[in-house]
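In what follows, a structure is listed as structure tokens, so that the remarks can point back to it.
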Number of protein chains: 2
Amino acid sequence: METTCAQAAPNPDPAAVARLCVCFNLRKAVRAVTQFYDTMLEPTGLRTTQLTVLVALSLAQRIPLRRFAERLVMDRTTLTRNLRPLERRRLVRIERGPDRRQRFMSLTGAGRAAMERALPLWQAAQSRMVGRGGAERWGALGAGLDEIVTIAQQNLSAAKSAV
Amino acid sequence: METTCAQAAPNPDPAAVARLCVCFNLRKAVRAVTQFYDTMLEPTGLRTTQLTVLVALSLAQRIPLRRFAERLVMDRTTLTRNLRPLERRRLVRIERGPDRRQRFMSLTGAGRAAMERALPLWQAAQSRMVGRGGAERWGALGAGLDEIVTIAQQNLSAAKSAV
DNA sequence: CCATAACATGTGTATATACACCTTTCTCGT
DNA sequence: ACGAGAAAGGTGTATATACACATGTTATGG
């Protein structure tokens, strides 16, 4: 037998919200993990965010800012600001293309060298996170995260177009 | 047959780093998810981070700052700054206790009301993320995130004590 | 009782993140 | 060829995050 209709949905229980919220749990995890990776990378003077920019850039030489931001699932203007410290340290180079609106980014020699120096420390941090035999378990989690990115992006554009 | 020993470990392949890095994948996911939740919560004037602070505070009235920060896996000083906008809007109250070093935080009536107004919107966002029948799959992911927090914290203190 | 350590918190600074708005440059229809 | 709109990017502002350092407060050993 069903409840007799027309009850207003009650607000969710705050304890359940705290336990179940996808966003909260992800943010909590990212705080813990970023602190650890950043500590491990500290001798290189690079943060994890900066290393990932260098790594992604090493895979896509001379890419315009907008496409690079999309690839990183990062707001365009966030990428602009994140490049600032790397540019100051001459690890990345930004040049105009023939279409003078576009800016093309690429790694400098110093940038590639800094990345190479940092990779062993990244490997150490990564190994301690995934541990022995963690490959399968982390594989599932990584796939879940990829899926989450897709769903969140679909939901976001649905929410925006449903003005 | 094994390789003849004594090769220096080669640097990891940048493509593998980008694909496998726990920190990078988490941060990417958190960007996408936070954007979606924040968009859904936009009518309330609260961000997801702020809502989670209100929710957590509703579960722990009059808690000192340090303990609250630990519970959220958040740096103490980060919490101080995150409280600022909520305090300005009179959603949380901060008072000294008998031990005059401590600050006790608690929700105001307005804070509780703002939380109650935001919860339905949070529920809508959450439902769209976990989807139909997503409970089990998200359950596994949530457990994985909890585990990641534990491992990252253990690794962090190990790294810090191993000066 | 006082000096010192331990403790709780705030501040200065730097990066990470994204929205709203603006400027510059290109494209395309007429 | 020109003007409207699209496209690429930057800036102003606000929050989120955390480390190094500074301040005030309590506990504690002599």
Side-chain angles (χ1 to χ4, degrees), chain A residues 23-24 26-39 41-42 45-53 63-70 72-89 91 94-105 152 156 159-160, chain B residues 23-24 26-39 41-42 45-53 63-70 72-89 91 94-105 152 156 159-160:
Chain A
C23 191
F24 171 60
L26 272 173
R27 293 189 74 88
K28 185 170 70 168
V30 98
R31 285 192 291 269
V33 169
T34 303
Q35 267 191 76
F36 171 57
Y37 276 73
D38 279 358
T39 299
L41 290 184
E42 195 267 340
L46 289 173
R47 298 196 181 185
T48 311
T49 305
Q50 300 175 332
L51 178 57
T52 57
V53 168
I63 189 174
L65 193 143
R66 178 166 218 106
R67 272 209 300 139
F68 194 44
E70 271 167 22
L72 297 176
V73 189
M74 190 180 280
D75 187 89
R76 177 182 60 78
T77 67
T78 299
L79 181 56
T80 299
R81 309 290 161 108
N82 286 357
L83 287 172
R84 210 63 66 92
L86 298 173
E87 211 182 348
R88 222 176 359 206
R89 292 169 59 185
L91 303 181
I94 303 184
E95 325 165 274
R96 283 176 209 278
D99 180 339
R100 296 171 48 118
R101 291 173 299 185
Q102 289 183 328
R103 301 269 199 280
F104 287 92
M105 287 157 294
L156 179 61
K160 293 218 166 178
Chain B
C23 191
F24 171 61
L26 272 174
R27 294 189 73 89
K28 185 170 67 170
V30 99
R31 284 192 292 269
V33 169
T34 302
Q35 266 190 80
F36 171 56
Y37 276 73
D38 279 357
T39 298
L41 291 184
E42 195 267 340
L46 289 173
R47 299 196 180 185
T48 311
T49 305
Q50 300 174 332
L51 177 58
T52 56
V53 168
I63 189 175
L65 193 142
R66 176 164 219 106
R67 270 210 298 140
F68 194 45
E70 272 166 22
L72 298 176
V73 190
M74 189 180 282
D75 187 88
R76 178 182 60 77
T77 67
T78 299
L79 181 57
T80 299
R81 309 291 162 108
N82 287 357
L83 287 172
R84 210 62 67 91
L86 298 173
E87 211 183 348
R88 216 172 346 172
R89 291 170 60 186
L91 303 180
I94 303 183
E95 326 164 273
R96 282 176 207 279
D99 179 339
R100 298 169 48 116
R101 290 172 299 186
Q102 288 182 329
R103 305 284 159 109
F104 287 92
M105 287 156 295
L156 179 61
K160 293 218 166 179

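In what follows, chains carry the letters A, B, and so on, assigned in the order in which the sequence lines appear, proteins first and then strands, with residues in each chain numbered from 1.
In this structure, B/L83 atom CG and D/dT17 atom C1' are separated by 14 Å, rounded to whole Å. Residue B/I94 contributes atom CD1, which lies 13 Å from atom C1' of C/dA8 at whole-angstrom precision. D/dT15 atom C1' lies 15 Å from atom CD of B/E87, rounded to whole Å. The distance between atom CZ of A/F104 and atom P of D/dG10, rounded to the nearest whole Å, is 13 Å. Put simply, CG on B/L46 is 13 Å from C1' on D/dT15, counting in whole angstrom units. In this entry the distance linking CD of A/Q102 with P of D/dG9 reads 6 Å, nearest Å. As a whole-Å value, the separation of A/I63 CD1 from D/dA8 P is 13 Å. One atom, CG of B/N82, and another, P of C/dT9, lie 15 Å apart when rounded to the nearest Å.
Residues A/R96 and A/R103 are in side-chain contact: their nearest non-hydrogen atoms beyond the backbone lie under 4.5 Å apart. When side chains are defined from C-beta on, A/F24 does not count as touching B/L51, because their heavy atoms never get closer than 4.5 Å. Residues B/L46 and B/L91 form a side-chain contact, since some pair of their non-hydrogen atoms from C-beta on lies under 4.5 Å apart.
Distance CD/A/E42 to NZ/B/K160: 9.5 Å, rounded to 0.5 Å. Note: B/Q102 CD to B/E95 CD = 12.5 Å, rounded to the nearest 0.5 Å.
Using a 4.0 Å heavy-atom cutoff across all strands shown, A/R103 reaches sugar-phosphate atoms only and no base atom.
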At a cut-off of 3.5 Å, list every protein nitrogen or oxygen paired with a nitrogen or oxygen from nucleotides 26-29 of chain C, distance to 0.1 Å.
residue: C/dC26; atom: OP1; partner: A/R100; partner atom: N; Å: 3.1

Output a table of nitrogen or oxygen pairs between the protein and nucleotides 18-21 of chain C separated by less than 3.5 Å.
residue: C/dA18; atom: OP1; partner: B/Q35; partner atom: NE2; Å: 3.1
residue: C/dA18; atom: OP2; partner: A/D75; partner atom: N; Å: 3.0
residue: C/dA18; atom: OP2; partner: A/T78; partner atom: OG1; Å: 3.2
residue: C/dC19; atom: OP1; partner: B/Q35; partner atom: OE1; Å: 3.4
residue: C/dC19; atom: OP2; partner: A/D75; partner atom: OD1; Å: 3.4
residue: C/dC19; atom: N4; partner: A/T77; partner atom: OG1; Å: 3.0

**OP:** May I have the step-by-step check of side chain to side chain contact (heavy atoms under 4.5 Å, CB included) for B/R47 and B/L41, ending in yes or no?
**Re:** CA-CA 6 Å; B/R47 299 196 180 185; B/L41 291 184; over 6 Å; no

**OP:** Go through the steps for B/N82 and B/M74 under the test side chain to side chain contact (heavy atoms under 4.5 Å, CB included), then give the verdict.
**Re:** CA-CA 10 Å; B/N82 287 357; B/M74 189 180 282; 3.6 Å; yes

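What you find for B/V73 and A/R31 is that their closest heavy atoms are O-NE, 2.9 Å.
Remark: A/T34 pairs with A/V30, A/D38, B/C23, B/R27 by the side chain to side chain contact (heavy atoms under 4.5 Å, CB included) rule, at least two apart or across chains.
Across D/dA16, C/dT17, C/dT11, the shortest atom-to-atom separation from the side chain of B/R27 is found for C/dT17.
Both A/T49 and A/R96 lie near DNA chain C, and the one whose nearest nucleotide falls closer to the 5' end is A/T49.
Contact between the side-chain N/O atoms of A/R84 and the OP1/OP2 oxygens of C/dT17 is not found at any separation under 4.0 Å. Dashed line: the shortest gap from a side-chain N or O of A/R67 to OP1 or OP2 of D/dA7 is not under 4.0 Å.
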